Amino acid sequence: MTTPSHLERLNPEQRAAIETTEGPLLVLAGAGTGKTRVLTTRFAHILLSGHAKPWQILAVTFTNKAAREMRERISGLTGETTDGLWLGTFHALCARMLRRHAEYVGLTSSFLILDTDDQLRLLKQVAEPWRIDIKRWPLPGLLGVIQRWKDRGLTPDGVTPAEDSSYADGHARAIYGTYQARLRELNACDFGDLMLHVVDILRTRPDVLEQYHRLFRYILVDEYQDTNTVQYLWLRLLARREGMPSNICCVGDDDQSIYSWRGAEVENILRFEKDFPGARIVRLERNYRSTAQILGTAAGLIAHNDGRLGKTLRPGREDAQGEPVLIVSIWDSDAEAREVCRRIETMRRDGHALGEIAILVRAGFQTRAFEERLVQFGIPYRIIGGLRFYERAEIRDALAYMRVLVNPADDLAFERIINVPKRGVGTAALQKLHAQARTERNGLSSAVETLLTTAAFRGKSQEKLASLMQTFVKQRSVLGREGHVVAVSGLLEDSGYLEMWRNDNAPDAPGRLENLKELVRALADFGTLGEFLEHVSLVMEAEGAAEEDRVSVMTLHGAKGLEFDSVFLPGWEEGVFPSQRTLDEGGDKGLEEERRLAYVGITRARHRAVILHAASRRIYANWQESMPSRFLDELPDEYVEREGDTPTRRERQDYSGYFTDSIFSDSQNSTMAPLVAKKRRTAVHDELVSSAPQIEVGARVFHQKFGYGVVINADRGATEVVFEEAGTRRVMSSYLQTVTS
DNA sequence: TTCCCCGATCTTTTT
DNA sequence: GATCGGGGAA
């Protein structure tokens, strides 16, 4: 008998993971062991071997990206389209289920999915009667508390009074209840509700549960270590079938669990055998990605964690010999960025592709130093993360306009745009509108109509609101006749929204207009406006821009699941990595999660990993001494090479004294600076800044980031410059060079 | 109502 | 250093 083509070139463990189709199965897949391949091949195998029809398999991922990748690979293996499959993110699949059974939780099938801005606006209204001290208890924090409850599958009734002790003076639970009631009135859901409501339905409606038990013969779960409690409950409800086997296959890696702060429970994966009796466990330990040195370093580090399921990565290739992992110690964070860029420049000269190089940082604030330095070196880069397309203010505004267009009763959207552009509607007018809406038992939109017939609005705002309402009416009829692209363009134009950005002198205004154009372009890919809005609320990312050869700069969290030939890991210092805050809040558990994050970072590299740490770091405005990360001491000596004079933590603690060399020395060969008194260093730094040449008004100058410009206002330190490209900005004069024109 | 200045704050992030 | 939100003045 010959091996079917989709099962060729798999190692024995991978084959076991794919061919064990019946009964519960946990696949512990270490980094780089072919996890996605196993997952997709398993899916294809179940189909090709005739175990199930395409729609009888439930396949769940966390991100849209992972879902998309699975779709592509499955259709590659089976040659079939993947339309209609139950394959998607937890939230997308739950949204689909909830649309079918919405009435069981008091919604209709056309319920609205709220984004974070909507949630906050709603919460603000709801929390108002409690008169919460917003300074002590900021609303985003309150929203976080509610979200954590939802992550744990707790409805307002399920939260015990004991759990509601601290936040918002013990009112969080009551506010949560009101918040949920308001959502129901609005026929709306937040992200947490998508899961929570479906679990609620599956628990209380045996007939519905039965229906899904018959439907889903096989369940596949990706990144099981990242599941939170509701997601776990959802899976358990669907997988445990009366009198039938639980054909659930969860793939994950307890060593890569890095999302506990947003509700993920590593315990879910650790408990798998108890939850599903008779479960088999397959370990994928052969790593085909990284060199033996990189794997050895990562393994040595992660061995310091307790309570692991136990798994050792082994090099999958015999020839996987490479360079040791390099640890570089550096003066300060500026020199660190310079050092990384210099190495990248050398690599580029040697013919390495920039797209195969990544700089992975612990926290967002670290990216800026690298960004500035990369610009200076002329190295193309891309920052991954940050604000995503659909999170930009102008995009959210435009989406709110669209939402009101399709649904005049969408109060949250209407409230967002009623005064954007300015129409003279402030808090006072808005309160009147809310009051009117309550008495009418109708939406804000109709309240505006009513109040327009009275003299409720003063002068200009009367006129502007009337015109806004007319625009909506007009474009709704255009929507019917000429389609959504024309209607939305007309709406954004006639409402004055585009005009607002055209008249804006801010340097980023043209970019925002460009984004809006892009948004309208994207509209054309969808049949209706409703379809587009559903897509946007579940898929927060815009379809990828063209892949170019650029260095990637991103957080360690953002890098999970990716791989690069070369990886730079800067900022391995106590307080930064491991992060002080995680240590304070999470104790030993927090430390272990940080260590897993370090493990994730190292295992992203195929051939080269360079870890850096600086003796002094500029955090926000001031310089801080920093000690090398404890993780550096945990890396096994046989696989690493230390460059620069790298004192251990203990040596460093014993040391005291003043530095003699210039801290701005470019030479990485100079002896390591001993601990520097903060005062002294800051003084030197200030001196350098103040000794920068005084720049006169009218002088033509050059700035690394903003380009050429003319000084219009000069002060000590801060200088106002009109840049040719970037508009008017206040910048540090020490960053300016005068240019003779 | 809006604009401007001042002070407090400053993980990680997907859906 | 930059940004965001609050509070005060026009």
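Both backbone and side-chain heavy atoms feed into the values below; hydrogens, waters and symmetry mates do not. Quantities reported herein were computed from a predicted structural model and do not represent experimental measurements.
- A salt bridge is absent between A:D332 and A:R617; no separation between the charged side-chain nitrogens and carboxylate oxygens falls under 4.0 Å.
- If you check every strand for non-hydrogen atoms under 4.0 Å, A:T63 touches sugar and phosphate atoms only.
- Between A:R388 and B:dT13 there is no side-chain N or O to OP1 or OP2 distance below 4.0 Å.
- Put simply, CD on A:Q119 is 14 Å from C1' on B:dT13, counting in whole angstrom units.
- Within 4.0 Å of A:A429, counting heavy atoms only, lie sugar-phosphate atoms of the nucleic acid but no base atom.
- Regarding A:D193, its CG atom lies at a distance of 13 Å from the C1' atom of B:dT15, rounded to whole Å.
- If you measure from atom CZ of A:R596 to atom C1' of B:dT12, you get 13 Å, rounded to the nearest angstrom.
- Residue A:F62 and nucleotide B:dT15 are not classified as a stacked aromatic pair, given the requirement of ring centres less than 5.5 Å apart at an interplanar angle below 30°.
- Within 4.0 Å (heavy atoms only), A:G192 reaches no atom of the nucleic acid at all.
- Checking C:dA2, B:dT13, B:dT2 against every side-chain atom of A:K422, the shortest atom distance belongs to B:dT2.
- Straight-line distance from the CG atom of A:L597 to the P atom of B:dT13: 10 Å, rounded to whole Å.
- Under the 4.0 Å criterion applied to side-chain N and carboxylate O atoms, A:R581 and A:E585 are assigned as salt-bridge partners.
- As rounded to whole Å, 11 Å separates atom P of B:dT2 from atom CG of A:L430.
- In this structure, A:E594 reaches the bases: a heavy-atom distance under 4.0 Å links it to at least one base atom across the strands shown.
- Phosphate proximity of B:dT1 to A:S461: absent, as no side-chain N or O sits under 4.0 Å from OP1 or OP2.
- Residue A:F365 contributes atom CZ, which lies 14 Å from atom C1' of B:dT9 at whole-angstrom precision.
- Using a cut-off of 4.0 Å between Lys/Arg side-chain N and Asp/Glu carboxylate O, A:D118 and A:R403 are scored as salt-bridged.
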Please list, for nucleotides 7-10 of chain C, all pairs of protein and nucleotide N/O atoms separated by less than 3.5 Å.
none

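- With hydrogens and angles left out, the side chain of A:R262 and the base of B:dT12 share no donor-acceptor pair within 3.5 Å.
- With the nearest nucleotide of DNA chain B identified for both A:H557 and A:K65, A:H557 has the one nearer the 5' end.
- Neither OP1 nor OP2 of B:dT1 sits under 4.0 Å from any side-chain N or O of A:N419.
- Using a 4.0 Å heavy-atom cutoff across all strands shown, A:T427 reaches sugar-phosphate atoms only and no base atom.
- For the pair A:I384 CD1 and B:dT12 C1', the computed distance is 16 Å after rounding to whole Å.
- Nearest to the side-chain atoms of A:A363 among the listed nucleotides B:dT15, C:dG1, B:dT12 stands B:dT12.
- Scored by the salt bridge (charged side-chain N to carboxylate O under 4.0 Å, His left out) test, A:R262 finds no partners at all (sequence neighbours excluded).
- Between the CZ atom of A:R368 and the P atom of B:dC10 there is a distance of 17 Å, given to the nearest Å.
- Considering only residues two or more places apart in sequence or on other chains, A:E223 meets the salt bridge (charged side-chain N to carboxylate O under 4.0 Å, His left out) condition with A:K35, A:K560.
- Within the 4.0 angstrom heavy-atom criterion, only backbone atoms of the sugar-phosphate kind lie near A:N64; the bases stay farther away.
- Judged as a ring pair (Phe, Tyr, Trp, His ring centres under 6.0 Å), and not counting sequence neighbours, the contacts of A:F90 are A:F62, A:W234.
- Judged as a salt bridge (charged side-chain N to carboxylate O under 4.0 Å, His left out), and not counting sequence neighbours, the contacts of A:D151 are A:R148.
- For A:F631, the ring pair (Phe, Tyr, Trp, His ring centres under 6.0 Å) partners at least two apart in sequence or on another chain are A:F577.
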